[in-house]
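Heads up: the structure comes next, in structure tokens.
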Amino acid sequence: MADQVIPPLHDIALPPLISPWPPAPAASVLLLMLVLAALWLLLRRWQQYRQNAYRRRALQQLERLQHACRQQPDQLQQLPHLLRHTALQIWPREQVASLHGDAWLQRLEQQSDSPLPKELSTLAYWPAERCASLDEPTRAKLFARSRDWIEHHVRP
């Protein structure tokens, strides 16, 4: 018996690896729910982006107006018009168009965290000389508070 030759051994045949696809039914449902949640979040972001288009346009106009005021100070009279135009994008015309002076300023402050400068209530009616006489810190404050209102006012 000792002189019998043992035939060469073969490796054990392993079964094929388990495929990750198709997943189990619970994993499929979970994956579908994750995809739907991601699509819903993406849609909400897109809607918010589109709803805030008026803010981006108003901020661009504010930048142009601030630059124009450095060369022509009487352009400062356009600042209340810009704020009114922005407000008309979010509130009905009946609630905004008839307001003037302090009532207009109060309406803007209702949607803001901090008070707006009192000059905004009458700035549109100032003569060019008075606009030119404003010092740079006051002008900068008007633009900064207007920018803050445009960026942070609460939509109804």
Side-chain angles (χ1 to χ4, degrees), residues 17-156:
L17 294 176
I18 298 174
S19 171
W21 200 261
S28 297
V29 169
L30 182 63
L31 182 63
L32 179 66
M33 288 174 54
L34 286 173
V35 167
L36 289 176
L39 287 174
W40 182 80
L41 284 173
L42 188 63
L43 180 65
R44 287 290 298 152
R45 290 284 186 178
W46 176 250
Q47 287 174 340
Q48 289 173 350
Y49 178 79
R50 287 183 52 217
Q51 286 175 348
N52 286 323
Y54 77 97
R55 287 184 203 251
R56 289 187 301 278
R57 281 191 306 271
L59 288 171
Q60 288 172 351
Q61 291 173 353
L62 185 69
E63 282 295 320
R64 278 184 252 143
L65 182 61
Q66 190 170 11
H67 181 62
C69 282
R70 289 187 187 112
Q71 285 130 14
Q72 298 173 334
D74 61 327
Q75 291 292 315
L76 190 60
Q77 295 169 327
Q78 299 302 315
L79 185 58
H81 298 295
L82 174 62
L83 293 177
R84 185 173 297 273
H85 180 73
T86 305
L88 284 169
Q89 301 294 316
I90 56 172
W91 292 311
R93 181 170 288 282
E94 300 82 28
Q95 294 179 6
V96 176
S98 63
L99 296 175
H100 297 287
D102 290 336
W104 165 244
L105 200 58
Q106 287 174 355
R107 177 70 175 177
L108 291 179
E109 286 177 346
Q110 287 175 353
Q111 303 299 323
S112 179
D113 293 336
S114 56
L116 294 166
K118 298 295 179 197
E119 293 90 355
L120 280 174
S121 63
T122 58
L123 186 61
Y125 310 109
W126 286 9
E129 298 81 30
R130 187 167 179 196
C131 290
S133 69
L134 274 181
D135 58 342
E136 186 58 35
T138 305
R139 205 174 306 145
K141 178 183 173 187
L142 285 169
F143 279 107
R145 290 300 303 130
S146 298
R147 175 181 308 287
D148 186 54
W149 183 84
I150 291 171
E151 289 175 346
H152 301 292
H153 68 268
V154 180
R155 288 180 62 103

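Every heavy atom of this structure was used, including side-chain atoms; hydrogens, water molecules and symmetry mates were not.
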Donor-acceptor contact present, side-chain R57 to main-chain T86, <3.5 Å: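 Looks like no, no N/O pair under 3.5 Å.
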Do any side-chain atoms of residues 63-81 form donor-acceptor pairs under 3.5 angstrom with protein atoms, and if so which ones, sequence neighbours left out?
unit_1	atom_1	unit_2	atom_2	d
E63	OE2	R147	NH1	3.3
E63	OE2	R147	NH2	2.2
Q77	NE2	W126	O	2.1

Would you give the length of the straight line joining atom [atom1] of [X] to atom [atom2] of [Y], rounded to the nearest 0.5 angstrom?
X: N52; Y: I150; atom1: CG; atom2: CD1; value: 12.5 Å
X: L142; Y: L123; atom1: CG; atom2: CG; value: 6.0 Å
X: L41; Y: L36; atom1: CG; atom2: CG; value: 11.0 Å

Residues in ring-ring contact (aromatic ring centres under 6.0 Å, His included) contact with W40, at least two apart in sequence or another chain: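 W40 satisfies ring-ring contact (aromatic ring centres under 6.0 Å, His included) with no residue once adjacent residues are dropped.
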Non-neighbouring partners of W149 that pass ring-ring contact (aromatic ring centres under 6.0 Å, His included), sequence neighbours left out: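 Once residues adjacent in sequence are excluded, the partners of W149 under the ring-ring contact (aromatic ring centres under 6.0 Å, His included) criterion are H153.
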Which atom of S19 lies closest to which atom of W21, heavy atoms considered: OG-O, 2.7 Å
A37: partners by side chain to side chain contact (heavy atoms under 4.5 Å, CB included), with sequence neighbours left out: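 For A37 there are no side chain to side chain contact (heavy atoms under 4.5 Å, CB included) partners, ignoring immediate neighbours.
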Pairing residues for R93 by the side chain to side chain contact (heavy atoms under 4.5 Å, CB included) criterion, not counting sequence neighbours: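 Applying side chain to side chain contact (heavy atoms under 4.5 Å, CB included) to R93 gives L88, A97.
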Residue list, side-chain hydrogen bond (donor to acceptor under 3.5 Å, both in side chains) with Q47, at least two apart or on another chain: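 side-chain hydrogen bond (donor to acceptor under 3.5 Å, both in side chains) check on Q47 returns R44.
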Under 3.5 Å, which donor-acceptor pairs do the side chains of residues 98-111 form with other protein atoms, sequence neighbours left out?
unit_1	atom_1	unit_2	atom_2	d
R107	NH2	Q95	OE1	2.8
E109	OE2	L116	N	2.9

Residues forming a salt bridge (charged side-chain N to carboxylate O under 4.0 Å, His left out) with E136, sequence neighbours excluded: R139
R145: partners by salt bridge (charged side-chain N to carboxylate O under 4.0 Å, His left out), with sequence neighbours left out: D148
Residue pairs involving residues 120-135 (criterion salt bridge (Lys or Arg N to Asp or Glu O under 4.0 Å); sequence neighbours excluded):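 Passing the test, one end in residues 120-135: no pairs.
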